[in-house]
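Contents: one structure, followed by commentary.
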Amino acid sequence: MEYSIPRSASTWHICWQAATGRDLVVDSRLVGRVRERLLNAHRAEGRQLLHYLMMPTEIHLLSCLPAGQSPQAIVRAIAAVVSRWVRETQPVRGPVFAARYRAHEIRSDSELEREIRMLAWRPVQIGLCVTPVHYTHASLRTTLGLNRAQGFDSRALLGLFGATVPEARKGLRGVVRRRPGEAEWREWELNHGLTLALGSIGPSFGMAREVKGDAAILVAAADSRDIDGGLKLLERWVAARLGLDADQDLSSLAGPQGARARALVGGLAVRMDLCPAAAVARHFKRAKATLCEQMTASRLREDDRRLIATPIQLVLDELAALNRF
C-alpha cells in the first residue's frame, strides 16, 4: 500500500460542539449532506481527511493540511454551510454551534494514535452505541473495511499502521481496542474545550474556565474533578515535599513555613494555568496582595523555583506513592 503523508504537512484535530438543543445529525438527509461537505472540504490539493466523526452534539475531524494552510481553510468550507443546513432542519432561533471551532495540532504519531482511540470510543462514552465499530456516522467502519467507502479515502490513515491493508487494519484495531478510563476522558474533554473546569473559588458564585495541558491533567486526577480538587492535590504534594504531614491544612499553617507553602501552591497553580493567583488567595482565605508578595519572594529562592517547575507527571506519581502508604 503505497500512500504516505508528506513530511511538510501538519495534522489537526478540528472540532465543533452543538449549541444546547441542537442536533447535528437529526435526520439521514442532513447526515449525508454534512458528510459530503466534510469530504469536499478536503478535496483541494494537498489536503487529506484522516478521520471524521459526526454525532448529535459534536463534529470531529482529523485533517492533514499542506504547509502554509491553517485549519481556518477547512472551517471556512464547512461551518457556515452546515449551520444553514441545521437551521433548515431545525427552524428554531439561536446559534447552531456552542462556540467557535477548536483546533489542536497533533505533533507526534503517539498523539495521533491517542486521538484516533479517543474518537473511536467517543460515541460509546456519550451513550450512542455499545462498541466503537457499531457507530455508523464515522469513518472508522470504512477504514476497517466494514462499510463501503462512498468517497472516503482511508489509505492515508491506514498507511500509518502498516505496509498492507490487512496489516494496517490489524494495527488500527490494536490502537482502538483499549477503552479509555474516566480520568482520561475528563482530561481529553478539558484539553479539547468540550467541558470547562468548575470551582467554588470564583469572585462571586464560582468559577468556570477552560484549562489545558498540565491543568487539565491535574483537574482530571482530582477526586472532585474540579479546580478546588486540583488545588487540594497541589497542597498535599507541597506539604509532603516540605516535610509536613501530607494532610496538613495549609490555610491554617502559621509562620514563614505556612507562607512559603501557600506561595508554592500559588506558583504551581499559576505555572500550570490552573487558576490565577486571586483564586488561590481566595482558596486560602488570604489577601491577593499578600499571596502575590509571597509568591514573588518564592520565585527568588532556587529551591522553590525547582519545586514550581516540577513536571505534572512527577507530581502525580509522588501523590500516588503517598496514597499507597
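Every heavy atom of this structure was used, including side-chain atoms; hydrogens, water molecules and symmetry mates were not.
Placement of L194 and L196 in two distinct hydrophobic clusters is found when ILVMFWY residues are connected by side-chain heavy-atom separations under 4.5 Å, directly or transitively. Residues L61 and L128 do not share a hydrophobic cluster, defined by chaining ILVMFWY side chains whose heavy atoms lie under 4.5 Å apart. There is no path of hydrophobic side-chain contacts, each under 4.5 Å, that joins V31 to L119. Cluster annotation: M207 is connected to L233 through the hydrophobic network of ILVMFWY side chains, with a link wherever side-chain heavy atoms come within less than 4.5 Å.
Here the CG atom belonging to L53 is positioned 14.0 Å from the CH2 atom belonging to W121, to the nearest 0.5 angstrom. The CZ atom of R241 sits 10.0 Å away from atom CZ of R306, with the distance rounded to the nearest 0.5 Å. Atom CD of residue E113 and atom CG of residue L160 lie 8.5 Å apart, to the nearest 0.5 angstrom. Rounding to the nearest 0.5 angstrom, the gap separating the CH2 atom in W237 from the CG atom in L307 is 5.0 Å. Interatomic distance, CD of E111 versus OG1 of T11, reported as 9.5 Å (0.5 Å rounding). Interatomic distance, CG of L38 versus CD1 of I78, reported as 5.0 Å (0.5 Å rounding).
Within a 6.0 Å radius of NZ in K288, no more than 12 heavy atoms belonging to other residues, nucleotides or ligands are found.
By the 4.5 Å heavy-atom criterion applied to side chains, L264 and I308 are counted as neighbours. Considering only heavy atoms from C-beta on, T195 comes within 4.5 Å of L190 through its side chain. Between T290 and F284 the shortest side-chain heavy-atom distance does not fall below 4.5 Å. Taking the side chain as every heavy atom from C-beta outward, V86 and V26 never approach each other to under 4.5 Å. A heavy-atom distance below 4.5 Å is found between the side chains of L24 and V96. Between V176 and P132 the shortest side-chain heavy-atom distance does not fall below 4.5 Å. Within the 4.5 Å cutoff, the side chain of D228 has heavy atoms near those of the I201 side chain. Using a 4.5 Å heavy-atom threshold, the side chains of D247 and R236 count as touching.
In this structure E187 satisfies the salt bridge (charged side-chain N to carboxylate O under 4.0 Å, His left out) test together with R114, sequence neighbours excluded. Every ring-ring contact (aromatic ring centres under 6.0 Å, His included) that F152 has, sequence neighbours left out, goes to Y52.
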Could you go step by step and tell me if E184 and R179 meet the salt bridge (charged side-chain N to carboxylate O under 4.0 Å, His left out) rule?
CA-CA 10 Å; E184 190 174 5; R179 182 170 184 165; over 6 Å; no

Mind running side-chain contact (heavy atoms from CB on, under 4.5 Å) on L253 and L244 for me, showing each step along the way?
CA-CA 10 Å; L253 186 62; L244 304 169; 3.7 Å; yes

Do L39 and Q150 pass the side-chain contact (heavy atoms from CB on, under 4.5 Å) test, and can you show the C-alpha distance, the side-chain angles, and the key distance before you say yes or no?
CA-CA 10 Å; L39 298 180; Q150 295 181 308; over 6 Å; no

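The main-chain N or O of S251 is found under 3.5 Å from a side-chain atom of R286 such that the two form a donor-acceptor pair. Side-chain N or O atoms of R22 include one that pairs as donor or acceptor with a backbone N or O of P95 at under 3.5 Å. Checking side-chain atoms of R37 against main-chain N and O of A77 turns up a donor-acceptor pair under 3.5 Å.
Applying the ring pair (Phe, Tyr, Trp, His ring centres under 6.0 Å) test between H60 and each of H13, H192, H51, H104 identifies H13 as the sole match.
A salt bridge links R122 with E189: the distance from a Lys NZ or Arg NE/NH1/NH2 to an Asp or Glu carboxylate oxygen falls below 4.0 Å.
Judged purely by distance below 3.5 Å, without hydrogens or angles, the side chains of R47 and Q69 pair a donor atom with an acceptor atom.
Residues V34 and I59 approach most closely at CG1-CD1, 4.2 Å, considering heavy atoms.
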